[in-house]
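As a basis for the values below, the full set of heavy atoms in this structure was taken, side chains included, without hydrogen atoms, waters or symmetry mates. All values derive from a computational prediction rather than experimental measurement. Every chain is numbered from 1, with letters handed out A, B, ... down the list of sequences.
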Number of protein chains: 2
Amino acid sequence: MKTELAVDMLSALAYAARLDIFRYLVRIGPDGAAAGDIASACNITPSTLSHHLNQMRQCGLIGRTRQGRAQIYHVNFDAMNTLIGFLSDDCCNGQPDLCLKGNEK
Amino acid sequence: MKTELAVDMLSALAYAARLDIFRYLVRIGPDGAAAGDIASACNITPSTLSHHLNQMRQCGLIGRTRQGRAQIYHVNFDAMNTLIGFLSDDCCNGQPDLCLKGNEK
DNA sequence: TTGATATTTCGACTATTATCGAATTATGAA
DNA sequence: TTCATAATTCGATAATAGTCGAAATATCAA
């Protein structure tokens, strides 16, 4: 994984409003949610939300499909796992013993 | 884990220069490295580096100990694992099946 | 002490990012 | 068509974050 992409993904999650959005989409699951639903669930104005969703989408953390006049957003679990894998590797590479404890927590 | 802390940790890693620093410290291991060594290894001006190290230290991702006139910085692996755990939980909570595949990568 | 080295803090400036209303695009229904 | 709804893009402003030199602090050695 290119570190530039990792930085983009981390940035996408490194903001309270976006982390909220992401967690909401995780809770919703693979079916995803329409932009309007996210806006009211997370209490964000449409244009600001759109901006955040774009950022998360550009780095691949979420995807989008149209359904009628709604845009449905959903978590890309593969991308999220790639990020978690990157962090685990980055943390444990060369020091596996240090990272085993705590990981079951 | 409080999401505010998660945001701070994610922010600490969501910047190329800081991610570099962090990865350098991971490679160095538990003994850590002096600020000066980090500065030359990562090619960052001392004052800027100090600013970044502070940010990573405030959220607990790294620690610091004095050794003579050097300040030795080292990764806090427990904190890093807490973060990884948070992301894994946040990603997999309620949808364990979605997150199993990909995790062995 | 005094001087040299390692690092941090301060302050000013620059750059990046977030926010929101207004205007625009896209779709569906009458 | 025409109207209403859902969402995005645009443009301006506000807020946050990064950078760096100069000054300050801490430690060690002579």
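B:Leu53 approaches B:Ile21 most closely through the heavy-atom pair CD2-CG2, 3.9 Å. Between A:Ala6 and A:Leu83 the shortest heavy-atom distance is O-CD1, 4.3 Å. Of all heavy-atom pairs between B:Cys59 and B:Asp8, the closest is CB-CB, 3.9 Å. In terms of heavy atoms, B:Ala33 sits closest to B:Asp37 at CB-CB, 4.5 Å.
Atoms CD1 (B:Ile21) and C1' (D:dT19) sit 13 Å apart, rounded to a whole Å. Computed from coordinates, the A:Ile72 CD1 to D:dA6 C1' distance equals 11 Å when rounded to whole Å. Put simply, OH on A:Tyr73 is 15 Å from P on D:dA6, counting in whole angstrom units. Taking atom CE of B:Met56 as the reference point, atom C1' of D:dA17 lies 14 Å away to the nearest angstrom. Rounded to an integer number of Å, the gap from OH of B:Tyr15 to P of D:dG18 is 6 Å. Nucleotide D:dG18 holds its C1' atom 9 Å from the CD atom of B:Gln55, rounded to whole Å. Atom NE2 in A:His52 sits about 17 Å away from atom P in D:dA7, given to the nearest Å.
When each of A:Met1, A:Met56, A:Met80 is tested with A:Met9 by the rule side-chain contact (heavy atoms from CB on, under 4.5 Å), just one qualifies, namely A:Met1.
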**Prompt:** What string of B, S and - do you get for nucleotides 21-30 of chain D 5' to 3' if you count protein non-hydrogen atoms under 4.0 Å?
**Reply:** B----SBBS-

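From the 5' end on, the contacts that DNA chain C makes with chain B at under 4.0 Å to a non-hydrogen atom open and close at C:dA4 to C:dT9.
B:Ile44 and B:Ile38 fall within the same hydrophobic cluster, where Ile, Leu, Val, Met, Phe, Trp and Tyr residues are linked whenever their side-chain heavy atoms come under 4.5 Å apart, directly or through other members. At a threshold of 4.5 Å between side-chain heavy atoms, the hydrophobic network of Ile, Leu, Val, Met, Phe, Trp and Tyr places A:Phe86 and B:Tyr24 in one connected group.
A:His51 comes within 4.0 angstrom of a base, heavy atoms only. Residue contacts for B:Ala34: at a heavy-atom cut-off of 4.0 Å it reaches the sugar-phosphate backbone alone, with no base atom in range.
In summary, the side chains of A:Thr45 and A:Thr48 do present a donor paired with an acceptor at a separation below 3.5 Å, with no hydrogens or angles considered.
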**Request:** Please lay out, stage by stage, how A:Ile72 and A:Thr65 fare under the test side chain to side chain contact (heavy atoms under 4.5 Å, CB included).
**Result:** CA-CA 5 Å; A:Ile72 308 293; A:Thr65 58; 3.8 Å; yes

